[in-house]
Amino acid sequence: MAGMDQMAGMAMAPDIGTCKVSMLWNWETIDACFLSESWQIKSRGGFAGLCIGVILLAILLEMLRRTAKTYDRHLIRQRQKTVTFATTASNNAPETADGSLIAKCDHAAIPTAAFRPNIPQQIVRALLHTLQFALAYWMMLLAMYYNGYIIICMIIGAFIGSFIFQWERIGPRSQGCWTCRLRRKKCDERRPVCSICDALEISCHYSDKKPEWMDGGRREKQMADGLKAMVKSKASERRERRWAQDVPASELDVDVVAPQTRGRQHLQPPRDVDRGLSRGLAQKAVLDSSADRDTNGSSSSEATPMSVLSSQNDAAATTTNVTLHTSTLGSPATSQTGTEPISLEKTMAIRSLATFPGEKSENEITFIMIYLDYVVPFLFPFYRPCLLEASRGWMLVVLMKNKALFHTALSLASYFYSVILDSAHGNHNACKKANWGELQIQQELSIRALQRDMSNLNARGVASAFDESVRCLESIIQMLEFEVAIANTENWQVHFDAATVLFSQLLANHATDSEKPWYSILRKLGVPNLESTFGQQRHPWSCDQSAYRFYTAHLLWVDIIAATATASPPKLRGYHEELLQGEAPLLRLEEYVGCYNWAILLIGEIAALDAWKKDRRASNSLDTVELTKRGESVGSKLREGISNLDAVPMENMHAIFDPSAQAPHLPVSGLGVEVLANSEFHARASLALHTKIWAQAAMTYLATVISGLQPENPCIQAGVQATIALFSIMPSPLCLRTLVWPFAVTGCLAQPEQEQFFLGLVNDIGAMQVFGTIKEALGIMQSVWGHRQNGCIDPETWDMAACFNVLGHRALPV
């Protein structure tokens, strides 16, 4: 007891030496000591500093606790990424253009089991724990002095630290996708794509971290608007698919060949005909009603499709020759199993619930038919596909599905109609004014529709938007066609560059066959796992396939002609081998522009040679011997091709059928029944004449690349004379509308005594010379003639590309 009394007396002593130390509650400030005699408070300022330090230590302790928790979360996320990558690689996920794998599910989609951190990770975790322990023990020692000010500072620091570093989301955390959260819809949290987003066919965004566009401001509103447009677009596509039905045809004997037997790897099945069918009619009606409420504020039910394409049996991988009998018109559709027919009454009951999509005004329908009946035959007189290749009916289907294409077609029809009125006798000023106004309105609507589609495509990305990518590609090429038709080629390069980039990205992201990427895209647009031929290697293309073929052929042709204007190799030169070369190419340009593939390809080679020459000249390493050798290689192929065409008789060209010589008011006059049964109805003499004109102009173009722009050169003059002779036997001046490039090349090198011939050709066309680039080609010639008379042309620096730029902008003579 005496010892305890002595200790208590020491504790109650006012000081020990110069330090004031107490193990009871106290409010000491001056001369108070902590932990050691050297830590003695000498002033009030020093004590205030100690209090601030204690507050900061408590805050630091809370920060270390939060850091340890955050680091553990980081390790879990890192583990999820590793599991996701391994799962994706094991599933043979496709690769993007840069070689990175496309994950088939989000990181959060795969549950992560408990795991043991590795040694470096555990060292970091132990270090964080040690720091927490040391800091907490240090603060405990300070608290053992029972100083009221110090304890209050610890409490304040703990409050501030907890307020700052423990401010987290509490309660059960929603695992729904960010798309449903933005749309304020209840998400079923199915991974990797929730049922709502899957049914509406929109992007489903899953991530633990809040997306950057969820900022509560402008970017979030833009994303919401983009989703609304996407929902509306997909709802429209589903309605259109529901109206799709089996192609009616009589019983046909068709050879069905498995794809594997043709040396191709097995391709992935094409896009789904109707992705919502497997989820039942009731769920589909609810989802489509929700989509309509999103887009226009009212709910509406949608009917189901009349039939479903039966799945292909994967076991039938060997070559077999069987007879496929398609259902005749009016026969009932079959069920998905292919054995149980759907009754006619049930089919009609289903279709009676639907409304016809997109009612158009009488004016618009009228001008759409003008476009199909007059504008298309005038622009593409050689494009007359046979009945089994969907004829030109695919254009109407695609126009009704694609707003940008629809309004561009109306613009072209309005312009065509205005040109016709301008050439007619009488006072039609009011009509012309109205049509010009309609042209401007439709063009503005077309641009807005294309901008909207491109905005949606940019939001989703080409890799995740196959249908949108194809639709935008077709719209851009159609816009390019419009610019050419109205002779406004100042802006053509903007559309052309966009089309070539999107074309390459489409093939890079969606092709399933590295050897034939374009053909694999074509397969995805059509009937799965079926290749049918009807003789002469003709296929029954669907509407989407026909559109894809047509716009690809048009883009390849424009690309080669554009190369001669830019003095650069064709941008799509890498696709020529698959699409244009060989004995049976996938695309035959003679069916689109009236010129055989080999002549167009050689023009592309000459453009590439011109680019090579300019690069070598710029680096002072041009070898004229090598240039001549390369030029002779191309020239020999041209001469061989022309020699083969010379075997086709052309004595009486006016007696043969030439589609480009026909007036647009009778697009199929005099063709007979053969048009319906055979797409090879074009007269060989007509194709031979047009191809010879292209080839002779290519010979002239080649001579300018080798020798420079020298009209007096004997080789160049011989080429000009030969081309003029071919122009002279054309059945009609209207043929010139498909020969603008040969016309421009030959005319720029014409002698003064030959100039009147070219002026006469254009004048004979009449009012239609302003529709297309014929008038602009004549303007290029006249400007070149003027420069030559004034002595402003240097043969060493001038070439065809310089001629096509002589009007102050880069012209596109197509």
Side-chain angles (χ1 to χ4, degrees), residues 358-385 390-424 426 428-450 453 471 474-489 491-492 495 543 546-547 550-551 554 592 659-660 662-669 734 737-738 765-775 814:
E359 294 182 2
K360 305 299 179 184
S361 68
E362 181 180 340
N363 255 354
E364 289 178 337
I365 294 297
T366 300
F367 275 90
I368 282 296
M369 296 313 300
I370 290 175
Y371 173 78
L372 295 175
D373 289 341
Y374 300 98
V375 179
V376 173
F378 185 83
L379 291 175
F380 302 98
F382 287 93
Y383 184 65
R384 295 166 184 251
S391 185
R392 284 204 302 263
W394 66 263
M395 292 186 177
L396 182 60
V397 176
V398 173
L399 290 177
M400 291 303 175
K401 292 198 299 184
N402 190 326
K403 284 187 177 181
L405 282 179
F406 179 80
H407 292 297
T408 306
L410 289 178
S411 301
L412 278 170
S414 298
Y415 179 64
F416 188 88
Y417 198 71
S418 299
V419 173
I420 295 295
L421 286 177
D422 198 39
S423 63
H428 299 281
N429 290 332
C431 292
K432 286 189 289 185
K433 185 176 180 181
N435 275 282
W436 273 106
E438 183 68 16
L439 183 150
Q440 294 173 350
I441 292 172
Q442 295 298 337
Q443 184 63 2
E444 179 65 23
L445 291 173
S446 173
I447 292 173
R448 289 182 181 180
L450 180 56
D453 290 343
R471 184 165 60 248
E474 294 170 354
S475 300
I476 295 171
I477 297 174
Q478 180 84 347
M479 191 71 70
L480 174 61
E481 179 187 319
F482 174 80
E483 298 285 355
V484 171
I486 66 173
N488 182 24
T489 60
N491 302 320
W492 68 269
H495 304 306
C543 292
S546 295
F550 177 84
Y551 287 110
H554 188 66
Y592 301 91
S660 63
Q662 302 297 316
H665 62 277
L666 289 175
V668 294
S669 175
L734 284 173
R737 66 187 189 269
T738 61
I765 296 176
M768 297 308 296
Q769 63 185 259
V770 300
F771 196 86
T773 57
I774 297 176
K775 193 79 171 180
V814 296

Apply side-chain contact (heavy atoms from CB on, under 4.5 Å) to the pair L410 and Y371, showing each step before the final yes or no.
CA-CA 7 Å; L410 289 178; Y371 173 78; over 6 Å; no
Pick from R471, E474, M395, M479: which one makes a side-chain contact (heavy atoms from CB on, under 4.5 Å) with L405?
E474
Would the distance check show the side chain of T773 and the main-chain N or O of V814 forming a donor-acceptor pair, the cut-off being under 3.5 Å?
yes
Ring-plane angle category for F380 and H554, please: parallel below 30°, perpendicular beyond 60°, tilted otherwise.
perpendicular
Regarding R737 and the six-membered ring of F771, is the cationic atom NZ or CZ under 6.0 Å from the ring centre and inside 45° of its axis?
no
Check whether any side-chain heavy atom of S475 lies under 4.5 Å from a side-chain heavy atom of N402, and answer yes or no.
yes
Check whether any side-chain heavy atom of V484 lies under 4.5 Å from a side-chain heavy atom of L379, and answer yes or no.
no
Considering all heavy atoms of both residues, which atom of P377 and which atom of L372 are nearest to each other, and what is their separation?
CD-O, 3.4 Å
Can you tell me how far the CZ atom of F378 sits from the CG atom of D373, to the nearest 0.5 Å?
15.5 Å
Might you point out which heavy atoms bring V398 and C543 nearest each other, and give the distance in Å?
CG2-O, 4.2 Å
Tell me if a side-chain donor or acceptor on S411 pairs with a main-chain N or O of H407 at a distance below 3.5 Å.
yes
Run the side-chain contact (heavy atoms from CB on, under 4.5 Å) check on L412 and E481 step by step: do they pass?
CA-CA 9 Å; L412 278 170; E481 179 187 319; 3.8 Å; yes
Taking C-beta and beyond as the side chain, do E444 and I441 meet within less than 4.5 Å on heavy atoms?
no
Would you name the heavy atoms of A413 and V375 that are closest together and state the gap between them?
CA-CG2, 4.0 Å
Relative to the ring of F416, is the ring of Y374 parallel (under 30°), tilted (30 to 60°) or perpendicular (over 60°)?
parallel
Below 6.0 angstrom between ring centroids: does that apply to F482 and H495?
no
Heavy-atom side-chain proximity of I476 to L480 below 4.5 angstrom
no
Indicate the ring-plane relationship of F367 and Y417, choosing parallel, tilted or perpendicular according to the 30° and 60° boundaries.
perpendicular
Would you compute the distance between atom CD1 of I774 and atom OG1 of T738 and round it to the nearest 0.5 angstrom?
8.5 Å
Working to the nearest 0.5 Å, report the span between CG of L396 and CG of L399.
6.5 Å
